[in-house]
Undergrad: 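Mind looking over this structure? Questions follow.
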Amino acid sequence: VLEKYGWWNEYVEAVERYGAYKVEGQYRRGMGKQATENYMRHYYQSRFEDYYRRVKCPLLMLGEKELENEREKTAMKGLRELAEQGEIGEVDGWVHPYGWLLDPENASKAVLEFLARVH
């Protein structure tokens with residue numbers, strides 16, 4: 001599936017290899033169906049607007065530089081405004097949750113620039 005979108009690279013492969021294990025001659029993911037379902041059950045019950053109001057430290061949210069989805073832009077800006085020191089860092093080609101793996105150099109650069117400003 002990741003190849004279909006052009007997201008397969010050496011970093012994605014490393015993560016997939018790390019989370020794989022061999023059972024009866026086949027490879028399986030480290031985070032199985034039950035673990036994924038448990039994670040998602042709690043994830044969708046989270047109220048991020050409550051969480052971000054409590055964040056007191058500097059907060060960086062990463063997003064696509066040319067984000068076209070207005071609903072997503074509005075959501076990110078709203079959450080950023082709830083935090084005392086929130087910023088949105090823009091990274092070309094950012095795709096959540098694969099941004100770190102698709103372009104680790106630019107993602108890291110955005111974080112380092114943020115840390116230099118808030119430190």
Side-chain angles (χ1 to χ4, degrees):
V1 170
L2 297 174
E3 286 178 333
K4 176 182 174 183
Y5 294 102
W7 296 348
W8 188 262
N9 63 28
E10 64 186 292
Y11 307 109
V12 173
E13 181 179 0
V15 168
E16 291 297 320
R17 285 184 182 277
Y18 179 79
Y21 61 97
K22 196 171 187 179
V23 175
E24 297 177 10
Q26 294 185 351
Y27 284 95
R28 311 239 179 201
R29 300 185 103 187
M31 188 164 169
K33 183 176 186 258
Q34 187 63 47
T36 301
E37 288 175 1
N38 287 338
Y39 170 80
M40 297 308 282
R41 184 176 305 113
H42 295 286
Y43 177 84
Y44 285 112
Q45 292 178 5
S46 296
R47 291 182 39 88
F48 292 107
E49 57 272 25
D50 294 339
Y51 172 77
Y52 283 98
R53 280 187 183 99
R54 296 188 330 230
V55 175
K56 304 298 179 200
C57 65
L59 171 74
L60 176 65
M61 300 169 70
L62 294 178
E64 165 59 46
K65 192 171 194 171
E66 301 295 327
L67 184 61
E68 295 177 12
N69 184 323
E70 289 300 321
R71 187 174 179 192
E72 190 174 337
K73 272 189 204 179
T74 300
M76 285 184 72
K77 287 178 183 178
L79 292 173
R80 178 203 63 209
E81 290 170 5
L82 293 173
E84 285 186 15
Q85 302 175 59
E87 280 188 37
I88 297 175
E90 297 176 332
V91 179
D92 284 327
W94 183 267
V95 178
H96 181 77
Y98 297 103
W100 290 104
L101 300 172
L102 298 176
D103 191 356
E105 288 182 28
N106 280 325
S108 297
K109 182 180 174 188
V111 170
L112 291 172
E113 289 171 357
F114 170 76
L115 292 173
R117 280 193 306 279
V118 300
H119 188 288

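Note that these values count all heavy atoms, side chains included, but never hydrogens, waters or copies made by symmetry. Bear in mind that the values here come from a model prediction, so they are computed numbers and not experimental data.
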Undergrad: In terms of hydrophobic clustering (I, L, V, M, F, W, Y; side-chain heavy atoms under 4.5 Å; direct or indirect links), are M61 and Y51 co-clustered?
TA: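 Result: yes, single cluster for both.
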Undergrad: Looking only at non-hydrogen atoms, find the nearest pair between E64 and W94 and report the distance.
TA: OE1-N, 2.9 Å
Undergrad: So if you build clusters from Ile, Leu, Val, Met, Phe, Trp, Tyr with side-chain heavy-atom gaps below 4.5 Å, do L79 and I88 land together?
TA: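 Yes: a chain of side-chain contacts under 4.5 Å links L79 to I88.
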Undergrad: What pairs with D92 under salt bridge (Lys or Arg N to Asp or Glu O under 4.0 Å), at least two apart in sequence or on another chain?
TA: none
Undergrad: Mark yes when over 12 heavy atoms from residues, nucleotides or ligands other than K73 sit less than 6.0 Å from its NZ; otherwise mark no.
TA: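 More than 12 within 6.0 Å, yes.
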Undergrad: For the atom pair CG (L67) and NZ (K65), what is the distance rounded to the nearest 0.5 Å?
TA: 13.5 Å
Undergrad: Restricting to non-hydrogen atoms, name the atom on R71 and the atom on N69 that form the minimum distance, rounded to 0.1 Å.
TA: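 Nearest pair, atom of R71 first, then N69: N-OD1, 3.0 Å.
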Undergrad: Mind checking whether Y52 and V118 sit in one hydrophobic cluster, side chains of I, L, V, M, F, W, Y counted as touching below 4.5 Å?
TA: no
Undergrad: Assess the residue pair R80 and L59 against the criterion (side-chain contact (heavy atoms from CB on, under 4.5 Å)); give the C-alpha distance rounded to whole Å, side-chain angles, the decisive distance to 0.1 Å, and a yes or no.
TA: CA-CA 8 Å; R80 178 203 63 209; L59 171 74; over 6 Å; no
Undergrad: Shortest non-hydrogen contact from E49 to R53?
TA: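 The pair with the smallest heavy-atom distance is O-NH1, 3.1 Å.
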Undergrad: Taking all non-hydrogen atoms of both residues into account, name the closest pair between K56 and Q85 and its distance.
TA: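 Reported closest heavy-atom pair: O-NE2, 3.2 Å.
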Undergrad: Over all heavy atoms of both residues, which pair between N9 and V12 is shortest? Give the atoms and the distance, please.
TA: OD1-N, 2.9 Å
Undergrad: Less than 3.5 Å apart, which donor and acceptor atoms pair up between the side chains of residues 100-109 and the rest of the protein, not counting sequence neighbours?
TA:
unit_1 : atom_1 : unit_2 : atom_2 : d
D103   : OD1    : N106   : N      : 3.3
D103   : OD2    : N106   : ND2    : 2.7
S108   : OG     : P104   : O      : 2.8

Undergrad: List for me each residue that meets ring-ring contact (aromatic ring centres under 6.0 Å, His included) alongside W7, sequence neighbours excluded, and say none if there are none.
TA: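 Scan of W7 (ring-ring contact (aromatic ring centres under 6.0 Å, His included), adjacent residues dropped) gives Y5, Y98.
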Undergrad: Partners of R117 by salt bridge (Lys or Arg N to Asp or Glu O under 4.0 Å), sequence neighbours excluded?
TA: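 So R117 forms a salt bridge (Lys or Arg N to Asp or Glu O under 4.0 Å) with E87.
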Undergrad: Run the salt bridge (Lys or Arg N to Asp or Glu O under 4.0 Å) test against E90 and tell me which residues pass, sequence neighbours left out.
TA: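 None.
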Undergrad: Any link between M76 and L60 through a network of hydrophobic side chains (Ile, Leu, Val, Met, Phe, Trp, Tyr) touching at under 4.5 Å?
TA: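 M76 and L60: separate clusters.
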Undergrad: Taking only residues two or more places apart in sequence, or in another chain, which ones meet K4 in a salt bridge (Lys or Arg N to Asp or Glu O under 4.0 Å)?
TA: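 Expected list: none.
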Undergrad: Indicate if V95 and W8 have the same hydrophobic cluster label, given that clusters are the connected sets of ILVMFWY residues with side-chain heavy-atom separations under 4.5 angstrom.
TA: yes
